[in-house]
Amino acid sequence: MAHFSGEDEVMLQAMLRQLFQSVKEKITGAPSLECAEEILLRLEETDENFHNYEFVKYLRQYICNTLGSMIEEEMEKCTSGQNQGEEFGYDTVVQHVTKRTQESKEYKEMMHSLKNIMMVVVESMINKFEEDETRSQDRQRKVQKEQSGSCCTDNCSDSDSSFNQSYKFCQGKLQLILDQLDPGQPKEVRYEALQALCSAPPSDVLSCENWTTLCEKLTTSLSDPDPMFTDRILKFYAQTFTLSPLHMTKEIYTSLAKYLELYFLSRENHLPTLSSGVDITSPNVTRLLKKVRLLNEYQKEVPSFWIRHPEKYMEEIVESTLSLLSVKHEQSHLASQKILDPIYFFALVDTKAVWFKKWMHAYYSRTAVLRLLEKKYKCLITTAVQQCVQYLELCETMKADEILGHSKHCGNKQKNFYYSGQELQYIYFIHSLCLLGRLLIYTQGRKLFPIKLKNRKDSVSLTNLLVLFTQLIYYSPSCRKMAPVVYSENYSPASMVTDVLRMLCDQKECAVECLYNSTVTEALLQPIQNLMKGTAAAPDFSEIALIHIADILARIASVEEGLILLLYGENMNSSEEESPTGAHIIAKFSKKLLEDAISIFPGSETLPVVKGAFISVCRQIYSTCEGLQVLLPYGLHDSIAKAWKKTSLLSERIPTPVEGSDSVSSVSQESPNSVAVAWEDNLLDDLLNFAATPKGLLLLQRTGAISDCVTFMFSQYAKQPQVNRQKKFGYEVLVVQVASTAAGAVALQNSGFISALITELWANLECGRDDVRLTHPRATPVDPIDRSCQKSFLALVNLLSFPAVYELTANQELPNKAEYSLREVPTCIIDILDRLIVLNSEAKIRSLLNYEQSHTFGLRLLSVVCCDLDALLLLEAQYQVSSMLLHAQEENTFETSENHRSFIIDGLSVERNHVLVRINLIGGPLERILPPRMLEKGDDPYPWPMFSSYPLPHAYLSEGAQSADVKQDNDIGNLLSCFKMSDKQTEWIENCRKQFCKTMKSKPDVVLLGELLEKFVLLLTENPSECYFPSVEYTATDANVKNESLSSVQQLGIKMTVRYGKFLNLLKDGAENDLALVLKHCEKFLKQQQSPVKSSLHILFEWIDAELNLCLQGNYAGHDWFVSSLFIIMLGDKEKTLHFLQHFSRLLTSAFLWVPRLHMSRYLPVDTLETGIRPVYFCSAYYIEMLLKAEVPLVFSAFHMSGFAPSQICLQWITQCFWNYLDWIEICHYIATCVVLGPDYQVYICIAILKHLQRDILHHTQTQDLQVFLKEEALHGFRVSNYFEYMETLEQNYRPVLLRDMRSVRGQST
């Protein structure tokens, strides 16, 4: 205190004044003293300038000078203690130093001194305030001093002074204010009373007994002509709305709403008319708009807290609002003389009806609003509909420039002080449109329709209203001519209507009821039809309107119900010629746009956008199987491909801006280039979406753009790692579809997709990311495949179908280097095989930082890939994977006695054992036993025998596997007796099929013998109408083919087949030679029907010498599993098998059941042959996906969510005739069913299997391993006979469509 001088006192007072001035608004707005104290205590958290105040700087310096040295000493003590072994974290040090400081003598002395200094300063300031108050006679200055005194008192609440007094508004004072507010009092007295009222805490005022009387007087005073007086009342209302609870603010709001309602109903007030417009600079209009604005602001805020209060408060607010908005003046005989209703002023301050949107958001308030609208205020909805109808009539009669003038002020940033009658009508229209759009979202809101309008005979239904909205899009002009700099938001009618329709499309229930009907879609498509006919769509129709229409159509097509409506219409039985559906109209229009066959908006810069918008609608359609089927005749893939090639050539010709060139020329060059590139990317994206279905992928590959599309997809996915959910799942499914074909796999490799995938895998598996700073070692993985690698694992599983494996690895040797650098990162599938799977050297093992985890990953991947038997035979033929695994098992042993070695049980040996059994043992779920991958609890954690040489231990052979029962019972005899030719061929064929179905249902355990199939096919081929392929003369003998060579894959397949046949007791020794001759005869027989092809795909050729690049065209890349199955069915009889195949090859069923049948066949179009895609994929798998979506939608959705395609797994099942997935008896049933009942049963059986697996599929979708489950697991519990009735139902519903498309494969060149 000795150093505290008078100058210091003056300086501190100035500092305090600065602080008080800065926080004045916060303190005066506080409802109580406690709130004011809380505000000051939390000032550092809420005021960003807190540390810039001079008083705060003074306090900081004062503390530093007094306690700085002591704090530093304590910090040094903590540091020295840490060096001596005591552990102190940062937070611990702070807490320790703070505690020691507060307990110190210096701190207590500083607080005492500081308190004394501040008491002197505050008392001096208060004394000065009191002297000023005594000398001042001005009431306003006196109130201001009270506020300052209150602030000063609140700020000194922690100083033990006696100034902690309450600022309570007494009853007598309020009564005095009431008397002074009387209209008979002088203006100055009333003004001072109002000032005093505004300066008092609103909570104190509202809690007084005379509050109701005060509220009435304030409402009456709102009509005072003095603007300052009414502004003060509105300020008091605003403070009340902000700081008071709902039960108080409700009274203010309802009184203000009631005042406005009476104001508009009073004939004494001079309200603007439509003819005069609204001049907002007019004092009367300004005061009115301020009152409306205050109500509107409260309307938008109150929904956030009214749920915490009784419902009656909310209902009073809602009813007072609706009552005010429903006020209607009597109609003058002249429309232009109409007096403006309250709704016009609300539309001025809240054009988009945000208040209504917020009130309708929550069920709590929405219920009350809709109930009152239905019972008492339906006129509000009626006038809104009426306004929309009138605006449409205006658009149909007036010129575009006149209408455009209405909407200009809505989005104008510049100040506008006058609104004409037409502009007011337009603003009211926008308000009505937004209100109706929000109303239609909700079920109870839609129940308010139909609406009866004046001067109209018919009521306006929901459909009528939606048609009106769509007509507004193309009848009302666009705001395309408005400068984007001037207009911050597009208030054009077309844009506003489109926003409303988008909102309705996003609500499925609403869209189904409102939009998904033929009347609305016809209204949307009407301008398109007019343009194709060469007539004007509407007066002043713009390309922007077309873009809006396409946007809505795309949203409709993206939902199943909307897609069905566009594809088939409401009457699904009507023919296209009678009434073309929306999909046909859109496809025709899009095709004409692409081919420039329709002249609209010549020279328009936005024409590519219009084209892109309508192709996007088509894309939503043709990316589904059912949609593609409808759009197939239009050849959109060819039109889009031609447009893309033309655009890519154009973009190449446009010169790139050169550095140093004139800036103006650079801009002019860049603009068309960027437009061309964007249009090119758009077309590539459209082409890419054809790959969403098997048949679409065939069409895409025919265009020759598959590589460019896949490159584009990879670039888009790489640029946007956080793509939206729809695109994420869409891209994953596209990759699966593309990888199911050889050309697609090559495109994925060339695009860099596979390289990027493997690089990411290696980063997670081996080295981790370089940009992650590691503060602690990485956790040791617990799962066989760590979570960080799971995504890459599934991506590789999706990628490695047999066509992809063959194309990416065929005739390529492993590097098998002597040394591998730790920085050497794999980039291709061969590298993955070399580094993670075929670990046949110490160098490879040493190159892995996480050997066990990485090799386990490779073994798991090998296990999944080898579930495709063709891929297994290829890897075995090229890399001898089983020998490598056996050698690894042999080395993983230890010597237990002199002549005995035991296997070391660890994660890798268990995994290898599982893979060895899987790849060497063939059989269905009941025919083989696969050892588990997990150890068991107990003394013997792994009771399964391990082995390092063949044959396999008997523990893995199922004891229940027996040979088929070859005895004939009565049903079999009856069935065979059908094969006596009768006069009516069609009749006996049907009788045979009926008897077959009866036998399958009654005696499913009796295997249908080869004799049955042989006789049926023989007699079937004698009926010309049943033959699909022409007869081919084949005279080769065993001697002719004996010296022919089979591929190594075929040779291994023969061994596997014979091993399986012997296991089933159906084949004998020597069967290998007979099967080899059968396969050689088949290859020679099929080669007679092949056609030369120009292609770079490996899968179409047999490589003789990879080094010399010598290849032989024609041989099928995989093993012929159908012929192998038939050979076993015929009990190894070579002659019977060949005889059957020669006749069977004439039937349509052979094209789908016998996969190599159409390999490079001359019966297929050349452009189909060049793709390497077979009918079993682009026809059977295509219809499997289509029927799965219709019949088992949950399973279809599960596939999509898993990023996997049903077509890939079904193609694998069909290609290998369900080997390893079904028991032998079920495989026989599958083949017999397809042969006897028709090729479409191949599709029905796959649908039945997926339906059977529904529960498992849904479960594994959740566990995110669906593709692994489907590829590795056998089809447990599935029996063909159990689903015969279900398949017969599918036949009744789908056979005509399927057989028609299957019969068209020979000439399918769409």
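The shown structure was predicted, so the numbers you read here are calculated from the model rather than taken from an experiment.
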Step-by-step side-chain hydrogen bond (donor to acceptor under 3.5 Å, both in side chains) determination, Q1267 to N798: CA-CA 7 Å; Q1267 41 272 78; N798 291 342; 2.8 Å; yes

Drop me the distance from [X]'s [atom1] to [Y]'s [atom2], to the nearest 0.5 angstrom.
{"X": "M884", "Y": "E876", "atom1": "CE", "atom2": "CD", "answer": "9.5 Å"}
{"X": "H1081", "Y": "D1038", "atom1": "NE2", "atom2": "CG", "answer": "4.0 Å"}
{"X": "Q878", "Y": "L814", "atom1": "CD", "atom2": "CG", "answer": "8.5 Å"}
{"X": "L859", "Y": "L861", "atom1": "CG", "atom2": "CG", "answer": "9.5 Å"}
{"X": "M1130", "Y": "L1126", "atom1": "CE", "atom2": "CG", "answer": "4.5 Å"}
{"X": "L1086", "Y": "S1145", "atom1": "CG", "atom2": "OG", "answer": "7.5 Å"}

Is the shortest side-chain N to carboxylate O distance from [X] to [Y] below 4.0 Å?
{"X": "K1062", "Y": "D1069", "result": "yes"}
{"X": "E1044", "Y": "K1087", "result": "no"}
{"X": "K1271", "Y": "D868", "result": "no"}
{"X": "E1288", "Y": "K998", "result": "no"}

Neighbour count >12 (heavy atoms, 6.0 Å) for atom NZ, K1055: no

Sub-4.5 Å side-chain heavy-atom contact between [X] and [Y]:
{"X": "S740", "Y": "I1173", "answer": "no"}
{"X": "L1250", "Y": "C1210", "answer": "yes"}
{"X": "S958", "Y": "R928", "answer": "no"}
{"X": "W1121", "Y": "M1056", "answer": "yes"}
{"X": "Q1051", "Y": "L873", "answer": "no"}
{"X": "W1219", "Y": "S1124", "answer": "yes"}
{"X": "L916", "Y": "Q889", "answer": "yes"}
{"X": "T809", "Y": "Y879", "answer": "yes"}

Row check, F903 ring normal vs R912 NZ/CZ: under 6.0 Å, within 45°: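 No, a cation-pi geometry is absent between R912 and F903.
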
K1134 to F1127 six-membered ring, cation-pi geometry met (6.0 Å, 45°): no

If you compare all heavy atoms of [X] against all heavy atoms of [Y], which two are closest, and at what distance to 0.1 Å?
{"X": "A1117", "Y": "V1049", "answer": "O-CG1, 4.0 Å"}
{"X": "P1175", "Y": "A1151", "answer": "CB-O, 4.4 Å"}
{"X": "R1146", "Y": "Q1142", "answer": "CG-O, 4.1 Å"}
{"X": "W1224", "Y": "L1064", "answer": "CG-CD1, 3.5 Å"}
{"X": "P803", "Y": "A742", "answer": "CB-N, 3.7 Å"}

Does the side chain of [X] come under 3.5 Å of the side chain of [Y] through a donor N or O and an acceptor N or O?
{"X": "N920", "Y": "Y956", "value": "no"}
{"X": "E927", "Y": "Y1060", "value": "yes"}
{"X": "H1276", "Y": "D1256", "value": "no"}
{"X": "Q1208", "Y": "S801", "value": "no"}
{"X": "T1021", "Y": "E1026", "value": "no"}

Do side-chain atoms of [X] reach the backbone of [Y] as a donor and acceptor pair under 3.5 angstrom?
{"X": "N1040", "Y": "T1037", "value": "yes"}
{"X": "E1083", "Y": "V1078", "value": "no"}
{"X": "Q1216", "Y": "L869", "value": "yes"}
{"X": "H914", "Y": "R933", "value": "no"}
{"X": "Q812", "Y": "L808", "value": "yes"}
{"X": "Q1088", "Y": "Y1034", "value": "no"}
{"X": "Q1089", "Y": "Y1163", "value": "no"}
{"X": "H1143", "Y": "H1139", "value": "yes"}
{"X": "R1174", "Y": "L1158", "value": "no"}
{"X": "N892", "Y": "S909", "value": "no"}

side-chain contact (heavy atoms from CB on, under 4.5 Å) evaluation trace for V1305 with F1152: CA-CA 10 Å; V1305 295; F1152 302 94; 4.0 Å; yes

Taking the six-membered ring for Trp and the single ring otherwise, decide whether the centroids of [X] and [Y] are under 6.0 Å apart.
{"X": "Y1244", "Y": "Y1241", "value": "yes"}
{"X": "F996", "Y": "F1016", "value": "no"}
{"X": "F1178", "Y": "Y1182", "value": "no"}

Step-by-step side-chain hydrogen bond (donor to acceptor under 3.5 Å, both in side chains) determination, Q1212 to Y1221: CA-CA 10 Å; Q1212 181 172 317; Y1221 291 103; 2.7 Å; yes

So [X] and [Y], would you call those rings parallel, tilted or perpendicular, with 30° and 60° as cut-offs?
{"X": "Y1283", "Y": "F1278", "answer": "parallel"}
{"X": "Y950", "Y": "F947", "answer": "tilted"}
{"X": "F1122", "Y": "F1140", "answer": "tilted"}

Verdict with supporting geometry, V1155 and Y1116, side-chain contact (heavy atoms from CB on, under 4.5 Å): CA-CA 9 Å; V1155 177; Y1116 179 69; 3.8 Å; yes

Side chain to side chain donor-acceptor pair (under 3.5 Å) involving R1279 - partner list, sequence neighbours excluded: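 Side chain to side chain donor-acceptor pair (under 3.5 Å) list for R1279, sorted by chain: D1005, E1226.
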
side-chain hydrogen bond (donor to acceptor under 3.5 Å, both in side chains) evaluation trace for Y1183 with D1240: CA-CA 9 Å; Y1183 278 105; D1240 53 328; over 6 Å; no

Stepwise side-chain contact (heavy atoms from CB on, under 4.5 Å) test for L1077 and N1073: CA-CA 6 Å; L1077 284 173; N1073 294 331; 5.6 Å; no

Test side-chain hydrogen bond (donor to acceptor under 3.5 Å, both in side chains) applied to Q1242 and S1180, step by step: CA-CA 7 Å; Q1242 183 181 68; S1180 293; 2.7 Å; yes

Derivation of the side-chain contact (heavy atoms from CB on, under 4.5 Å) call for K1084 and K1080: CA-CA 6 Å; K1084 192 173 185 65; K1080 289 176 182 180; over 6 Å; no

